[in-house]
Amino acid sequence: MRVDDFYDRHPINPHQVLAAVARRRGGDLARLSADDLFEFDQDHYGGLAAVDALARRAAITAASRVLDVCAGLAGPARFLTSRRGCGVVALERNAGRAAGAARLTRLVGLEGRVRIVRGDASALPFREGSFDACVSQEAFQHIADKLAVLAGCRRVLAPGGRLAFTDWIARARLGERERARLAEWMAATTLQSIDSYRALLGRAGFVRVEAEDVSDEWRPIVRARLQMFRAMRRETAARVGEARSHDYDQLHAFFVGLVEDGKLGGGRFSGSA
Ligand SMILES: C[S@@+](CC[C@H](N)C(=O)[O-])C[C@H]1O[C@@H](n2cnc3c(N)ncnc32)[C@H](O)[C@@H]1O
């Protein structure tokens, strides 16, 4: 599956975010703040605490120029700017998600602090040394050339700048057929292990590299997320059709099974330029 097709059909989308916020606020979408969206606009594991963990590893302060690579609906970017006071550039390649990110950011009045840029993470459209911190969550799994994206982050960071990201990692027993199915279903490609990611970060020029296995943290979260998608199934079927919703459910269950079996997990990585 192509990555854009995967996100064009994804159950977390601007429409669903606003529908959920409207339900929570009794239909009132006037005068929204970023906080009103946070329960619904984060498309990664571990919610706001996971963004905070990256912000700490990336040493983000109010003075930091921050790049969120593969920013989705820019939920993490809005969180960073509203809690840390920094300006954030949110880079996203998918047209619908970039437009949705811009719309949600305008709705909460943060367009002066969060700039949405449509572009590809493997060819970052920024000058050398433009940022003090790069962050990314659960997105490099989609990019075949991991070294290119890591080297690109290294290039756009100022000397001493920090990269911190989380991603899916392949563990020892993940088989070739399972990898092929992950590529077909969720456009996941060239999945790395903790050790191979660490080596790639070194080759991309990062120093003080740290790598943590967060698989045990993610396991209960993916389990709960499968239940959440199942609870939204009627809504999803109405939007994408019964057959596609059924396929999504089956494949999602397959993916959660890999996590339960310890074949697929999560890693959190950081390094200095
Ligand atoms: C799992 S979502 C994460 C979004 C966001 N980081 C968050 O945590 O809410 C992955 C995002 O990466 C984007 N993406 C995938 N490949 C990309 C690429 N090569 N360049 C830029 N964005 C990409 C997808 O379109 C999707 O929005």
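Each ligand, and each atom within it, is numbered from 1 in the order the structure gives.
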Of all protein heavy atoms, the one nearest atom 12 (O) of ligand 1 is C70 CB, 3.3 Å
Under 3.5 Å between any N/O of N94 and any N/O of ligand 1: does that happen in this structure?
no
Do we get R181 above F254's six-membered ring, with its NZ or CZ under 6.0 Å from the centre and within 45° of the axis?
yes
Any idea how H252 and W185 line up, ring-wise: parallel (<30°), tilted (30 to 60°), or perpendicular (>60°)?
tilted
Examine ligand 1 and decide if any of its atoms is less than 4.0 Å from a heavy atom belonging to G119.
yes
Does the distance from a Lys or Arg side-chain N to an Asp or Glu carboxylate O, for R173 and D261, drop under 4.0 Å?
no
Suppose we measure from atom 1 (C) of ligand 1 to each protein heavy atom; which comes out shortest, and what is that distance?
Y7 OH, 3.0 Å
Distance under 4.0 Å to a non-hydrogen atom of D120: what atoms of ligand 1 satisfy this?
18 (C), 19 (N), 20 (N)
Distance-minimising heavy-atom pair for Q141 and Y7
NE2-OH, 4.4 Å
If you measure from each non-hydrogen atom of D43 to ligand 1, which part falls under 4.0 Å: side chain, backbone, both or neither?
both
On a heavy-atom basis, which atom in I143 and which in S122 lie closest, and how many Å separate them?
CG2-OG, 4.1 Å
Can you tell me the protein heavy atom closest to atom 16 (N) of ligand 1 and the distance?
R93 CD, 3.7 Å
Identify the protein heavy atom lying closest to atom 13 (C) of ligand 1, giving its residue, its atom name and the separation to 0.1 Å.
E92 OE1, 3.3 Å
Among all protein non-hydrogen atoms, which one is nearest to atom 15 (C) of ligand 1, and what is the separation to 0.1 Å?
V3 CG2, 3.7 Å
So does E128 have more than 12 non-hydrogen atoms from other groups sitting under 6.0 Å from CD?
no
D52 pairs by salt bridge (Lys or Arg N to Asp or Glu O under 4.0 Å) with which of R57, R83, R84?
R84
Would you call the rings of F140 and F165 parallel, tilted or perpendicular if under 30° counts as parallel and over 60° as perpendicular?
tilted
At the 4.0 Å heavy-atom cut-off, does A71 count as touching ligand 1?
yes
For ligand 1, which atoms sit closer than 4.0 Å to a heavy atom of E138?
1 (C), 10 (C)
Is it the case that S215 and D213 place a side-chain donor and acceptor less than 3.5 Å from each other?
yes
Heavy-atom side-chain proximity of R115 to V117 below 4.5 angstrom:
yes
With heavy-atom distances below 4.0 Å as the criterion, list the atoms of ligand 1 near A139.
10 (C), 12 (O)
Atoms in ligand 1 with a heavy atom of P76 nearer than 4.0 Å
7 (C), 8 (O), 9 (O)
Would you check whether L91 has a nitrogen or oxygen atom less than 3.5 angstrom from a nitrogen or oxygen atom of ligand 1?
no
List every atom of ligand 1 that sits less than 4.0 Å from any heavy atom of R97, numbering the atoms from 1 in the order shown and giving each element.
27 (O)
To the nearest 0.5 Å, how far apart are CG in D41 and CD in Q16?
10.0 Å
Atom 20 (N) of ligand 1 [closest protein heavy-atom partner, distance rounded to 0.1 Å]
A121 N, 2.9 Å
When you measure from atom 8 (O) of ligand 1 to every protein heavy atom, which one gives the shortest distance, and what is it?
H44 ND1, 2.7 Å
